[in-house]
Amino acid sequence: MIARSRRLRRCQLAVPGSSDKMMAKAASLDVDHVFLDLEDAVAPAAKVPARAQIVQALNTLDWGRSIRCVRVNDLDTHYAYEDIITVVEGAGENLDTIMVPKVKSACDVRFVDRLLSQIEGKLGLKRRIGIEVLIEEAEAIMRVEEIAGASDRLEALIFGMGDYSASQGIDPRAISGDTGYPGDIWHYARYKMIVAARTYGLDAVDGPFVNFKDQDYFRVECIRAQQLGAVGKWAIHPSQVAIAQEAFSPSQAEVDRAYRAVAAYREAQRQGLGAIQVDGQMVDVATVRLVQRIIDRAELAGIKPTADI
C-alpha cells in the first residue's frame, strides 16, 4: 500500500476560484490548507473561466507552507471531469489535493482516482495528487465506511453540514448558531464520519460555520469536533483561521506533559516496571498511546517541548 502524505489540516480556508483578489489574499495568510473553489462559491457563468484563474494562481502565487487544494464541482454535473482535467493538466506540479463534493459512494472516489492516475501518467507527474471528499449527503453517512476505504489516494473526509442539513431535513439555522437542540445536533454524523476516517488512517475535518462574525460559537464548534477526534475545521473567512488553528493545536502544557509521560514510561520499562505515576496521574501503555497522538500533532504543527523536558 502507498503511504499517505502527512499534512497539517487544522484549518481549511475556502476561497472562490473566480476571485483573483481573494486568492492572492489567501496565499499571503499563515494557514494550513487553502482550497480554491469551483463549486458553491462560483456562479455558473464563471465556472469555466475560473479554471484558468485557479491554474494561474497555483502557478504564480507563493503559497508558502499551505496545502494547495481545488474543490471541483459535483460529479453529477457536466463540469466535474473538465474541472479535474483542466486544473491538473495546467497546474499539477503545484497542486496537492483535489476536493470532491457530494460524494455518495466508493464509486465516486474511484472515478476521481482513475482519472487522476491517467492524467499523472500522461504528464509524468512525480508527485501523487491526493483526494479529499465531502461527506454531505444522507447516503454518504450511510456508506461512509465504504467511502473511506475506496482508495489509497484518499487523504481526508470532511463533514459538510450545510448540504447535509438539506439532505436530511435538519433545521437550517443549525449551520450558523445554537438552535436549542439539547446537545450537539451534528454529533451522530460527526462521530460516524470520524470513526470511519480513523479506521482507514484518514484525516477527519469538520465543515463550515457560516456566521463568521460569531467567533465564540465558532470556537465552540471547533472544540466539539476536536474532542471527537477531528484534526481541523473549515474557515469561510480569514477571521476564523487563527481560532481554528489554535483550537486544533495542543497547548504547550499538553505537549510538555505528553513528552514527560512518554519519557517516564520508557524509563519505567527499562526498570521492569508497569504502570507509573507522572504529574499525579497513572501512566500505562494505553496512556502512552493517547499522549503519542498529542506528540504527533505537535510535531506536525512544529510545536516543540520545553527545553528542559
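Ser249 places none of its side-chain heavy atoms less than 4.5 Å from the side chain of Glu246. Side-chain atoms of Asp256 and Pro305, non-hydrogen and from C-beta on, do get closer than 4.5 Å to each other. Inter-residue side-chain proximity for Ile119 and Ile129 is flagged as unmet; no heavy-atom pair is nearer than 4.5 Å. In this structure, Asp40 and Arg71 have side chains that are in contact, with non-hydrogen atoms separated by less than 4.5 Å. The closest side-chain heavy-atom distance from Tyr259 to Thr306 is not below 4.5 Å. Here the side chains of Cys222 and Phe248 are in contact, with some heavy-atom distance below 4.5 Å. Within the 4.5 Å cutoff, the side chain of Leu75 has heavy atoms near those of the Val112 side chain. Within the 4.5 Å cutoff, no side-chain heavy atoms of Lys47 are placed close to those of Thr77.
If you run side-chain contact (heavy atoms from CB on, under 4.5 Å) between Leu38 and each of Asn73, Ile84, Thr86, only Asn73 comes through.
Annotation: ring pair (Phe, Tyr, Trp, His ring centres under 6.0 Å) contacts involving residues 69-97, sequence neighbours excluded, are absent. The list of salt bridge (Lys or Arg N to Asp or Glu O under 4.0 Å) pairs with a residue in residues 53-67, not counting sequence neighbours, reads Asp30-Arg65, Asp32-Arg65. Sorted by first then second residue, the salt bridge (Lys or Arg N to Asp or Glu O under 4.0 Å) pairs that include residues 132-149, not counting sequence neighbours, are Arg9-Glu132. Judged as a ring pair (Phe, Tyr, Trp, His ring centres under 6.0 Å), the pairs with a partner in residues 113-159 (not counting sequence neighbours) are, in order, Phe159-Tyr164, Phe159-Trp186. Contacts classified as ring pair (Phe, Tyr, Trp, His ring centres under 6.0 Å) and involving residues 130-153 (residues at least two apart or in different chains) are not found. Sorted by first and then second residue, the salt bridge (Lys or Arg N to Asp or Glu O under 4.0 Å) pairs involving residues 229-243 (not counting sequence neighbours) are Asp206-Lys233. Residue pairs meeting the ring pair (Phe, Tyr, Trp, His ring centres under 6.0 Å) criterion with at least one member in residues 86-128: none, sequence neighbours excluded.
Leu8 forms part of a hydrophobic cluster together with Leu300, judged by ILVMFWY side-chain heavy-atom separations under 4.5 Å. Here Phe35 sits in one hydrophobic cluster together with Met99, Leu134, Ile158, Val205, Val231, Trp234; the rule is ILVMFWY side chains under 4.5 Å apart, joined directly or through other members.
Between the CD atom of Gln12 and the OG1 atom of Thr97 there is a distance of 7.5 Å, given to the nearest 0.5 Å. The CG atom of Asp113 sits 12.5 Å away from the SG atom of Cys107 when rounded to the nearest 0.5 Å. In this structure, CD1 on Ile223 lies 12.0 Å from CG on Leu228, to the nearest 0.5 angstrom. Taken to the nearest 0.5 Å, the CG atom of Asp37 stands 7.5 Å off from the CD1 atom of Ile54. Here CG of Leu202 is found 11.0 Å from CD1 of Ile147. Values are rounded to the nearest 0.5 Å. Atom-to-atom distance recorded for Ile185:CD1 and Thr179:OG1 is 4.0 Å, nearest 0.5 angstrom.
Not one N or O on the side chain of Gln53 forms a donor-acceptor pair closer than 3.5 Å with the backbone of Met23. Glu299 places no side-chain N or O within 3.5 Å of a backbone atom of Ile294 that could act as its donor or acceptor partner.
Each of Ile303 and Ile243 belongs to its own hydrophobic cluster when Ile, Leu, Val, Met, Phe, Trp and Tyr are linked at side-chain heavy-atom distances under 4.5 angstrom. Val133 and Ile98 fall within the same hydrophobic cluster, defined by Ile, Leu, Val, Met, Phe, Trp and Tyr side-chain heavy atoms under 4.5 Å apart, directly or through other members. Val210 and Phe218 fall into different hydrophobic clusters, where Ile, Leu, Val, Met, Phe, Trp and Tyr residues are linked whenever their side-chain heavy atoms come under 4.5 Å apart, directly or through other members. By the rule that hydrophobic residues join a cluster once side-chain heavy atoms approach within less than 4.5 Å of another member, Val55 and Leu116 end up as members of separate clusters. Criterion: ILVMFWY side-chain heavy atoms under 4.5 Å apart, direct or through other members. Under it, Leu154 and Ile67 are not part of a common hydrophobic cluster.
Salt-bridge formation is detected for the pair Arg190/Glu221: a Lys NZ or Arg NE/NH1/NH2 atom is positioned less than 4.0 Å from an Asp or Glu carboxylate oxygen. Using a cutoff of 4.0 Å between basic side-chain nitrogens and carboxylate oxygens, Arg6 and Asp296 are not scored as salt-bridged. The pair Lys102-Asp76 does not meet the salt-bridge criterion, since no charged nitrogen lies less than 4.0 angstrom from a carboxylate oxygen.
The nearest pair of heavy atoms linking Arg10 to Ala301 is NH1-CB, 3.8 Å. Contact detail for Cys11 and Val31: the closest heavy-atom pair is O-CG2, 4.0 Å. Contact between Asp152 and Arg128 at its shortest, heavy atoms only, is OD1-NH2, 3.0 Å. A pairwise comparison of heavy atoms in Ala26 and Val34 identifies CB-CG1, 4.1 Å as the closest pair. Of all non-hydrogen atoms in Ser117 and Arg153, the two that sit nearest each other are OG-NH2, 2.8 Å. Listed here is the closest heavy atom pair of Pro208 and Met161: O-SD, 3.2 Å.
Atom OH of Tyr217 has more than 12 heavy atoms from other residues, nucleotides or ligands within 6.0 Å.
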Stepwise side chain to side chain contact (heavy atoms under 4.5 Å, CB included) check, Cys69 with His33: CA-CA 7 Å; Cys69 175; His33 180 294; 3.5 Å; yes
Evaluation steps, side chain to side chain contact (heavy atoms under 4.5 Å, CB included), between Leu13 and Met22: CA-CA 11 Å; Leu13 177 63; Met22 290 185 181; over 6 Å; no
Intermediate values then yes/no, side chain to side chain contact (heavy atoms under 4.5 Å, CB included), Trp63 and Asn94: CA-CA 9 Å; Trp63 295 93; Asn94 298 308; over 6 Å; no
Residues Val100, Asp108; criterion side chain to side chain contact (heavy atoms under 4.5 Å, CB included); working and verdict: CA-CA 9 Å; Val100 188; Asp108 293 338; 5.7 Å; no
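Annotation: salt bridge (Lys or Arg N to Asp or Glu O under 4.0 Å) contacts of Asp96 (sequence neighbours excluded): Arg7, Arg68, Arg127. Arg114 pairs by the side chain to side chain donor-acceptor pair (under 3.5 Å) definition with nothing, not counting sequence neighbours. Under the rule for a salt bridge (Lys or Arg N to Asp or Glu O under 4.0 Å), the partners of Glu89 that lie at least two apart in sequence or sit in another chain are Lys122.
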